[in-house]
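This chain uses plain numbering: 1 for the first residue, then up along the sequence.
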Amino acid sequence: MARVKRGVTAHAKHKKVYKAAKGFRGRRKNTIRTAKPAVDKAMQYAFRDRKRKKRTFRALWIQRINAAVRPFGLTYSRFIDGMAKSGITVDRKVLSDLAINEPASFQLIAEKAKAALAA
């Protein structure tokens, strides 16, 4: 049997890790012993934060909606309740965008929600 030298395979595997570790500081970018665990941990953070990003944006939209309905004498929860009672089905992302870019349209929605709460 011929002897197999593994340098090519090992080099290719290391190259993949170094590419992923680009931008890291110190030995974490150019030493396989420190780069590999650093890259593994970075991948864990990336996976976790792709899920967390959705939560963060939803929280931001809710804060913006809450701030936008306060001048109409409503809180966020009362506003959402009023929207449900009036049959308006607009998601939070769009509501947040309306509150920022189309205040007149948002005001109409807020007034309808407030009217539905009173009825």
Side-chain angles (χ1 to χ4, degrees):
M1 285 278 269
R3 178 169 156 239
V4 177
K5 294 170 72 179
R6 297 193 35 179
V8 176
T9 315
H11 184 67
K13 285 174 89 173
H14 291 184
K15 236 169 79 169
K16 221 187 296 186
V17 173
Y18 292 141
K19 187 177 181 194
K22 193 173 181 182
F24 289 10
R25 295 181 64 167
R27 284 179 17 186
R28 292 161 66 92
K29 70 176 172 287
N30 58 14
T31 308
I32 197 65
R33 272 191 177 192
T34 52
K36 190 159 176 34
V39 167
D40 290 345
K41 192 68 174 178
M43 293 296 193
Q44 288 174 359
Y45 286 140
F47 179 84
R48 179 198 70 190
D49 291 338
R50 279 195 299 275
K51 313 292 177 221
R52 195 172 278 186
K53 183 179 176 183
K54 294 157 185 65
R55 281 179 247 165
T56 308
F57 268 102
R58 185 182 168 96
L60 175 67
W61 298 329
I62 289 171
Q63 288 167 12
R64 286 178 176 172
I65 293 166
N66 193 19
V69 296
R70 291 295 172 136
F72 305 115
L74 291 168
T75 61
Y76 168 77
S77 61
R78 298 286 292 151
F79 173 67
I80 294 295
D81 185 33
M83 277 184 50
K85 286 178 178 170
S86 65
I88 300 170
T89 53
V90 182
D91 67 357
R92 286 155 183 81
K93 181 180 178 180
V94 174
L95 280 172
S96 170
D97 190 52
L98 281 174
I100 294 166
N101 299 320
E102 298 283 335
S105 304
F106 186 80
Q107 184 176 356
L108 289 173
I109 294 171
E111 286 167 357
K112 282 190 178 183
K114 197 169 182 180
L117 284 171

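- Here V8 is tied to no hydrophobic group at all, with no ILVMFWY side chain closer than 4.5 Å.
- Annotation: side chain of E111 is in contact with side chain of L108 (closest heavy-atom distance under 4.5 Å).
- In this structure, the side-chain contact (heavy atoms from CB on, under 4.5 Å) partners of A116, at least two apart in sequence or on a different chain, are K85, S86.
- Under the 4.5 angstrom side-chain criterion for Ile, Leu, Val, Met, Phe, Trp and Tyr, M1 has no cluster partners at all.
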Side chains of residues 25-40: which donor-acceptor pairs under 3.5 Å do they make with residues two or more places apart or in other chains?
residue, atom, partner, partner atom, Å
K29, NZ, G26, O, 3.4
T34, OG1, R27, O, 2.9
T34, OG1, T31, O, 3.1

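- Judged as a ring pair (Phe, Tyr, Trp, His ring centres under 6.0 Å), and not counting sequence neighbours, the contacts of F79 are F106.
- Listed here is the closest heavy atom pair of M83 and I109: SD-CG2, 4.1 Å.
- Every pair tested for side-chain hydrogen bond (donor to acceptor under 3.5 Å, both in side chains) that includes a residue from residues 43-64 fails, sequence neighbours excluded, so the list is empty.
- Under the side chain to side chain donor-acceptor pair (under 3.5 Å) criterion, E102 pairs with no residue, sequence neighbours left out.
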Scan the side chains in residues 90-100 for donor-acceptor partners under 3.5 Å anywhere in the protein, sequence neighbours excluded, and list what turns up.
residue, atom, partner, partner atom, Å
D91, OD1, V94, N, 3.1
R92, NE, Y76, OH, 2.6
R92, NH2, Y76, OH, 3.4
D97, OD1, N101, ND2, 2.7

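- Here the straight-line distance linking atom CD1 of I65 with atom OG1 of T75 works out to 12.0 Å at 0.5 Å rounding.
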